[in-house]
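Just so we're clear, the structure is a prediction, and the values are computed from it rather than from any experiment. Numbers for residues simply follow the sequence, beginning at 1.
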Amino acid sequence: DQDRRQVLAELEGFDGQIDTLSTQVAALDQRAATLDATRAEHAAALADAEHDLSIRRDEAGRRRCTVVRRKRRGIARLLFDSENPTELRRRVRYLLALIRADEGKTRAYVALVDERKASAAQVDTDVAALAGVQADLKARLASLEAEKSKRVSLLHDIRSRPELATAVLR
């Protein structure tokens, strides 16, 4: 009778541990789903940012070409057709300002793309770590369930054959 109580107490302990681990696994599954959604959002944002960056670079190139080719002039003609040095300096400053403005915008978008890539990489790292913890918890859960099934079969054996109970405890 005492043997049965002891095995029942152990079974209750296993049930409690299994319930706790099941709750943890469910919470990790929910966290994994959240991280997957976040990863998808980051991937979409990264693709959008890279597309925007490509468009901005193309626009900057077209803007420079438009300025240089205005009135069918090349860069050399645009600069050296100046009537005086003051006009030359003004044109050079204008072109440099245009280039610097485009360069600043491009750098800002590149920084944004890099930030989004880093964020996506962090999410991937979190997902990998979460998967490892999940696998460990599932392995522990399986181990506890196997141990519980052994104890349940032992309890059935004890109930069916009392002489076995005394042999097991010795």
Inset, instruction - Examine distances only and state if a side-chain atom of Ser119 and a backbone atom of Glu115 form a donor-acceptor pair shorter than 3.5 Å. - result: no

Legend entry - Interatomic distance, Arg91 atom CZ to Leu96 atom CG [nearest 0.5 angstrom]: 14.5 Å

Inset, instruction - Report yes if the side chains of Thr106 and Glu103 come closer than 4.5 Å at any heavy-atom pair, otherwise no. - result: no

Inset, instruction - Say whether, by atom type as modelled, one donor and one acceptor occur between the side chain of Ser143 and the main chain of Ala139 under 3.5 angstrom. - result: no

Inset, instruction - Over all heavy atoms of both residues, which pair between Leu28 and Leu130 is shortest? Give the atoms and the distance, please. - result: CD2-CD1, 3.0 Å

Legend entry - Side-chain donor/acceptor of Arg140 to backbone N/O of Leu21, under 3.5 Å: no

Inset, instruction - Might you point out which heavy atoms bring Ser22 and Leu141 nearest each other, and give the distance in Å? - result: OG-CD1, 3.8 Å

Inset, instruction - Please check if the side chain of Thr23 supplies one atom and the backbone of Asp19 the other of a donor-acceptor pair under 3.5 Å. - result: yes

Legend entry - SB check Arg90 Glu87 (cutoff 4.0 Å): yes

Legend entry - Minimal non-hydrogen separation, Val25 against Gln134, with atom names: O-NE2, 4.4 Å

Inset, instruction - Report the C-alpha distance between Arg89 and Thr86 in whole Å, list the side-chain angles of each, state the deciding distance to 0.1 Å, and finish with yes or no for side-chain contact (heavy atoms from CB on, under 4.5 Å). - result: CA-CA 5 Å; Arg89 279 193 300 267; Thr86 306; 3.5 Å; yes

Legend entry - Gap between atom CZ of Arg39 and atom CD of Gln122 - 0.5 Å precision: 12.5 Å

